[in-house]
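This report refers to the structure that appears directly beneath it.
Please read all numbers here as calculations on a predicted model, not as lab measurements.
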Amino acid sequence: MAALRAQGALRLGGSLGLSVAGAESNVAIGLARLGHRVRWAGRVGADELGALVLRTLRAEGIDTGHAVTDDTGRPTGLLLTEPRLGTLTRVSYYRAGSAGSALSPADVLPALASGGRVLHLTGITPALGLSAAEATLAAATAARESGITVCLDVNHRSRLWSADRARTVLRPILAHVDLLIASEDELPLVLDRSDAGETEAVDNLLSRGVREVVVKRGARGATSFTADGATDRPARRVDAVDLVGAGDAFVAGYLSGLLGGADIPARLHRAVTTAAFAVATRGDWEGLPTQDELGLLDEPDGTTVR
């Protein structure tokens with residue numbers, strides 16, 4: 001979708017910056033910058049904003065050959081962001097009736113037929129509508145049957161759907177998930193009970209076939225849980241500028257480590273590193289690092305790279 005970013009309160013007017021957003025797109029760009037081959041499957045409107053989305057993805061080296069341009073008049077989705085207090089940002093979504101909300105299994109399954117190692121999904125897509133939820137479940141099912149690792153980032157958006165609705169829709173998808181990523185408050189959304197604690201939630205997920213659960217803890221880092229135990233990693237310390245997109249950057253770093261054959265501690269290290277780049281720069285994806293920039297956070301403050 002497209003994104004309009006305000007410099008202050010929207011109700012006061014002023015200028016807006018136009019860019020591209022979307023959790024899956026952010027992860028795709030993050031992975032491409034780290035040197036991985038990435039394919040994006042989705043639906044945009046036959047409008048200038050849709051052209052911007054596809055042009056941006058192609059410019060970042062992402063294969064958009066399976067992207068669908070909606071020819072029925074549905075527009076490209078849109079969000080507005082406005083800074084309200086420090087790093088607190090308010091987001092308004094305009095996705096009802098959008099091209100993305102009409103995503104169908106027929107739009108995404110051909111991309112899986114072309115092969116791949118990891119399918120990344122989020123809980124945002126099924127929140128857009130019935131057909132988008134069907135497409136998410138169909139993609140997860142087909143990928144698991146083909147031996148493709150299925151990663152689901154819960155990524156709950158309360159302005160798109162309720163917790164109860166999310167729980168109902170996401171539970172069937174879980175049967176096909178290998179790697180589940182969630183923030184601490186999102187874990188209950190994938191269980192039958194909303195009052196389950198973290199330990200109970202993780203044990204439940206691992207017993208149901210999820211191979212790994214990664215819990216994002218924001219400024220406190222992250223923890224990976226497998227049948228062999230838990231691995232913690234603190235966050236990288238940076239001056240926070242913009243928190244939007246940090247979770248997607250974390251996922252991109254983690255999947256990059258997974259694709260590169262790294263062990264869990266190394267995956268977490270890369271994940272908190274890419275998340276730190278996102279936090280320290282403005283925009284959802286604009287500040288994400290390339291492979292040769294990952295070491296920049298280890299340089300002393302005030303360093304000039306010449």
**Request:** Please determine, by modelled atom types, if Glu286 and Ser19 share a side-chain donor-acceptor pair under 3.5 angstrom.
**Result:**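 Looking only at side-chain atoms, Ser19 and Glu286 do form a donor-acceptor pair, the distance falling under 3.5 Å.
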**Message:** Can you see whether Thr226 engages Glu212 through a side-chain donor-acceptor pair at a distance of less than 3.5 angstrom?
**Reply:**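 Glu212 and Thr226 do not have a side-chain donor-acceptor pair below 3.5 Å.
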Calculate, to the nearest 0.5 Å, the distance between atoms [atom1] and [atom2] belonging to [X] and [Y] respectively.
X	Y	atom1	atom2	result
Ile62	His36	CD1	NE2	12.5 Å
Asn155	Ser183	CG	OG	8.0 Å
Arg171	Leu189	CZ	CG	11.5 Å
Leu294	Arg33	CG	CZ	12.0 Å
Leu16	Thr81	CG	OG1	8.5 Å
Arg37	Leu259	CZ	CG	10.5 Å

Is it the case that atom [atom1] in [X] sees more than 12 heavy atoms from other parts of the structure closer than 6.0 Å?
X	atom1	result
Arg208	CZ	yes
Arg282	CZ	no
Glu48	CD	no

Any sub-3.5 Å donor-acceptor pair from [X]'s side-chain atoms to [Y]'s backbone N or O?
X	Y	answer
Trp161	Leu128	no
Thr273	His269	yes
Glu82	Arg90	no
Arg267	Gly253	no
Arg270	Ala252	no
Ser131	Ser101	yes
Thr168	Asp164	yes

**Asked** Do Trp40 and Ser25 pass the side-chain hydrogen bond (donor to acceptor under 3.5 Å, both in side chains) test, and can you show the C-alpha distance, the side-chain angles, and the key distance before you say yes or no?
**Response** CA-CA 8 Å; Trp40 186 91; Ser25 299; 3.1 Å; yes
**Asked** Looking at Gly100 and Ala132, what are the two nearest heavy atoms and their distance?
**Response**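 Taking Gly100 first and Ala132 second, the nearest heavy atoms are O-CB, 4.2 Å.
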What about [X] and [Y], same hydrophobic cluster or not, with Ile/Leu/Val/Met/Phe/Trp/Tyr joined at side-chain heavy-atom distances under 4.5 Å?
X	Y	result
Leu18	Leu80	yes
Phe225	Leu255	no
Val190	Ile181	no

**Asked** So which pairs with a foot in residues 94-113 pass salt bridge (charged side-chain N to carboxylate O under 4.0 Å, His left out), sequence neighbours left out?
**Response**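 Of all non-adjacent pairs touching residues 94-113, those that pass salt bridge (charged side-chain N to carboxylate O under 4.0 Å, His left out) are Arg43-Asp107.
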**Message:** What verdict does the salt bridge (charged side-chain N to carboxylate O under 4.0 Å, His left out) test give for Lys216 and Asp153, after you've listed the backbone C-alpha separation in whole Å, the side-chain angles of each residue and the deciding distance to 0.1 Å?
**Reply:** CA-CA 10 Å; Lys216 298 178 289 186; Asp153 184 356; 3.3 Å; yes
Side-chain polar contacts of residues 49-57 - donor-acceptor pairs under 3.5 angstrom, sequence neighbours left out - could you list them?
unit_1	atom_1	unit_2	atom_2	d
Thr56	OG1	Leu52	O	2.8

**Request:** Take Thr223 and Asp232 through the test side-chain hydrogen bond (donor to acceptor under 3.5 Å, both in side chains) and record every step on the way to the result.
**Result:** CA-CA 4 Å; Thr223 305; Asp232 293 308; 2.5 Å; yes
**Message:** Could you go through Arg74 and Asp47, starting from their C-alpha distance and side-chain angles, then the distance that decides it, and tell me whether this counts as salt bridge (charged side-chain N to carboxylate O under 4.0 Å, His left out)?
**Reply:** CA-CA 9 Å; Arg74 297 185 185 92; Asp47 49 34; over 6 Å; no
